[in-house]
Amino acid sequence: MRRRLLAAVLGVAVTAMTVSGPAQASDYDSFAYARQAAGQRVIYSYPGLVPPESLLARIRAGEAAGVIFFGENVSSLTQIRGVVQQLRAASAQSPNPHPLLLMTDQEGGLIRRLPGEPALSHKDVGLSADPAAAATAAGRGAGENLAGVGMNVNLAPVLDVFHAPGDLMDQYERSFSSNAGVVGDLGANYLRAQQAEGVAATVKHFPGLGKANADENTDAKPVTLSVPLTTLRSVDEVPYQDAFAAGAKLVMLSWAVYTALDPNRPAGLSSVVIGQELRVRHGFTGVTITDALEAGALSGYGSVGNRAVLAARAGNDLVLASARDVGQGDQAADALARALADGTLDSGAFGDALSRVNALRAGLS
């Protein structure tokens, strides 16, 4: 079991290895070893225009999966390109041979961290004269823009099917349509074009935030969506089948509670939603990633570290520490390392998650 996890930490293929029985805590007598494994499941963030030395040190040590960028990190395309080069240079000194995951939210319209494409919002795309062509152009524009500065993951497209004008997704123009089939088609066009430019697509927010009202924002507070299971599966989850058929590489989980699936936990903390609905029912084999660990929806789930452990145990491969604070990422990684060392997190499942993350990283540049 320890060899299986070590292979995953180092980015080595492990599919031929077989193991049986749980690992013992003594297998992880080196916290540094567990810390490196844990860090490779954390997406870090930082404040301002200059990445701090503490983040560069984590990257050089192989203790970070990647970095997310926000508007406050970007003054121009030239500036952020230089930052990305700096982060890549640090990564080249790490024991992990694969590229960092360098990501942002470049959906289009109001939700853009970089200047430039895609100019159209998802709503604009859906209302255009030729939505299919517009979705392809938007995805291509997002891919070219991110690849141009050295980023390799976009947290887009959004597959939420809005339910009423002015609802949460519609007010920010983040939904292609109120028709699930249209959302599926346009989302697939967007992600295919984006991934053709070498930028991995992240579809979100599974199993769907389209039923959220204008004031039901998981960034700000806990949200419960009492959507019937038949509606979830016949409307909200429909676009994901199109996305998976088109080759979507990542899925971001919603922080809302879905009473029809798991009334006790937000989707991103639910093994029922991730393990059964997403992995088994939909057959998704790619990388799962949380929404922001600092979200108000998780106010009842304790510390950053506790949230990270719960998210990993539920089946998230990556945790998103996006508070623009390197210390937040460290708290998440430290907690994951302790949980791995003491057996709270199963080492086999941990190694499988790392294998998926490393496979994603190996396929990007």
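Through side-chain heavy atoms spaced under 4.5 Å, either directly or across other Ile, Leu, Val, Met, Phe, Trp or Tyr residues, Leu110 is tied to Ile111.
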Listing, residues 314-323 side-chain donor-acceptor contacts under 3.5 Å, not counting sequence neighbours, or none:
from, atom 1, to, atom 2, distance (Å)
Asn316, ND2, Gly268, O, 2.7
Asn316, ND2, Ala311, O, 3.1
Asp317, OD1, Arg356, NE, 3.2
Asp317, OD1, Arg356, NH2, 2.8
Asp317, OD2, Arg279, NH2, 3.0
Asp317, OD2, Thr288, N, 3.0
Asp317, OD2, Thr288, OG1, 3.3
Asp317, OD2, Arg356, NE, 3.1
Ser322, OG, Glu294, OE1, 3.3
Ser322, OG, Glu294, OE2, 2.7

Which donor-acceptor pairs under 3.5 Å do the side chains of residues 244-253 make with protein atoms, sequence neighbours left out?
none

Return all side-chain donor-acceptor pairs below 3.5 angstrom for residues 48-58, not counting sequence neighbours, or 'none' if the list is empty.
from, atom 1, to, atom 2, distance (Å)
Glu53, OE2, Arg60, NH2, 2.1
Arg58, NE, Asp330, OD1, 2.9
Arg58, NH1, Glu63, OE1, 2.5

What donor-acceptor contacts under 3.5 angstrom involve side-chain atoms of residues 130-152, with partners at least two apart or in another chain?
from, atom 1, to, atom 2, distance (Å)
Asp130, OD1, Ala133, N, 3.3
Thr136, OG1, Ala132, O, 3.1
Asn145, ND2, Pro115, O, 3.0
Asn145, ND2, Glu117, O, 2.8
Asn152, OD1, Leu102, N, 2.8
Asn152, ND2, Leu100, O, 2.8
Asn152, ND2, Ser365, O, 3.2

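Within the structure, no pair that satisfies the salt bridge (Lys or Arg N to Asp or Glu O under 4.0 Å) test touches residues 74-84, not counting sequence neighbours. Applying the side chain to side chain donor-acceptor pair (under 3.5 Å) rule to pairs touching residues 186-195 yields Asn154-Gln194, Asn189-Arg192, sequence neighbours excluded. Within the structure, salt bridge (Lys or Arg N to Asp or Glu O under 4.0 Å) pairs that include any residue of residues 86-114 comprise Asp105-Arg113, Asp105-Lys204, Glu107-Arg174, Glu107-Lys204 (at least two apart or interchain).
The main-chain N or O of Ser177 is found under 3.5 Å from a side-chain atom of Ser175 such that the two form a donor-acceptor pair. For the pair Asn358 (side chain) and Ser355 (backbone), a donor-acceptor distance under 3.5 Å is absent. Between the side chain of Gln171 and the main chain of Ala214, a donor-acceptor pair closer than 3.5 Å is present. Side-chain atoms of His282 never come within 3.5 Å of backbone atoms of Tyr240 as a donor-acceptor pair (strictly under, hydrogens ignored). Not a single donor-acceptor pair under 3.5 Å links the side chain of Gln106 to the backbone N or O of Ala156. Although no hydrogens or angles enter the test, the distance criterion places a donor-acceptor pair under 3.5 Å between the side chain of Asp167 and the main chain of Ala164. A donor-acceptor pair is defined here as one N or O able to donate and one able to accept, closer than 3.5 Å; no such pair exists between the side chain of Asn213 and the backbone of Glu216.
The hydrophobic cluster containing Val158 also contains Phe206, counting ILVMFWY residues as joined when their side-chain heavy atoms lie under 4.5 angstrom apart, directly or transitively. In the hydrophobic clustering of this structure, Leu278 groups with Val161; members are Ile, Leu, Val, Met, Phe, Trp, Tyr whose side-chain heavy atoms approach within less than 4.5 Å, directly or through other members. Val357 and Ile274 end up in different hydrophobic clusters when Ile, Leu, Val, Met, Phe, Trp and Tyr side chains are linked at under 4.5 Å. Residues Val199 and Val153 are members of separate hydrophobic clusters, defined by side-chain heavy-atom contacts under 4.5 angstrom among Ile, Leu, Val, Met, Phe, Trp and Tyr. Linking ILVMFWY residues whenever their side-chain heavy atoms come closer than 4.5 Å, directly or via other members, leaves Leu127 and Val182 in distinct clusters.
For the pair Thr218/His205, no side-chain contact is recorded, criterion being any heavy-atom separation below 4.5 Å from C-beta on. Using a 4.5 Å cut-off on side-chain heavy atoms (C-beta onward), Arg361 and Asn96 make contact. Here the side chains of Val183 and His122 are not in contact, with every heavy-atom distance at 4.5 Å or above. With contacts defined as side-chain heavy-atom distances shorter than 4.5 Å, the pair Ile80/Val83 qualifies. Between Asp236 and Pro207, the closest side-chain pair of non-hydrogen atoms is not below 4.5 Å. The shortest side-chain heavy-atom distance between Leu298 and Leu269 falls under the 4.5 Å cut-off. Between Phe162 and Leu168, the closest side-chain pair of non-hydrogen atoms is not below 4.5 Å. Residues Glu72 and Pro47 form a side-chain contact, since some pair of their non-hydrogen atoms from C-beta on lies under 4.5 Å apart.
Contact detail for Ala337 and Ala38: the closest heavy-atom pair is N-CB, 3.5 Å. Between Pro157 and Leu191, the closest heavy-atom pair is CD-CB, 4.0 Å. Trp255 approaches Ala297 most closely through the heavy-atom pair CB-CB, 3.7 Å.
Under the side-chain contact (heavy atoms from CB on, under 4.5 Å) criterion, Val272 pairs with Asp262, Ser270, Gln276, sequence neighbours left out. Residues meeting the side-chain contact (heavy atoms from CB on, under 4.5 Å) test with Ala312, sequence neighbours left out: Arg41, Leu336, Leu345. The salt bridge (charged side-chain N to carboxylate O under 4.0 Å, His left out) search around Glu237 returns Arg281, not counting sequence neighbours. Under the side-chain contact (heavy atoms from CB on, under 4.5 Å) criterion, Thr224 pairs with Ser226, Val257, Thr259, sequence neighbours left out.
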Pair Ile289, Met103 - check side chain to side chain contact (heavy atoms under 4.5 Å, CB included), show working.
CA-CA 12 Å; Ile289 183 171; Met103 62 184 65; 4.1 Å; yes
Residue pair Phe69, Leu114: steps toward the side chain to side chain contact (heavy atoms under 4.5 Å, CB included) verdict:
CA-CA 9 Å; Phe69 302 95; Leu114 303 181; over 6 Å; no
Step by step, work out the side chain to side chain contact (heavy atoms under 4.5 Å, CB included) result for Leu229 and Leu261.
CA-CA 7 Å; Leu229 184 60; Leu261 291 172; 3.6 Å; yes
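Remark: of the listed residues Val67, Ile68, Asp325, Val67 is the sole one forming a side-chain contact (heavy atoms from CB on, under 4.5 Å) with Tyr46.
Distance check: Leu155 CG to Ile43 CD1 gives 8.5 Å after rounding to the nearest 0.5 Å.
Checked by atom type, the side-chain pair Asp124/Ser121 shows a donor-acceptor distance below 3.5 Å.
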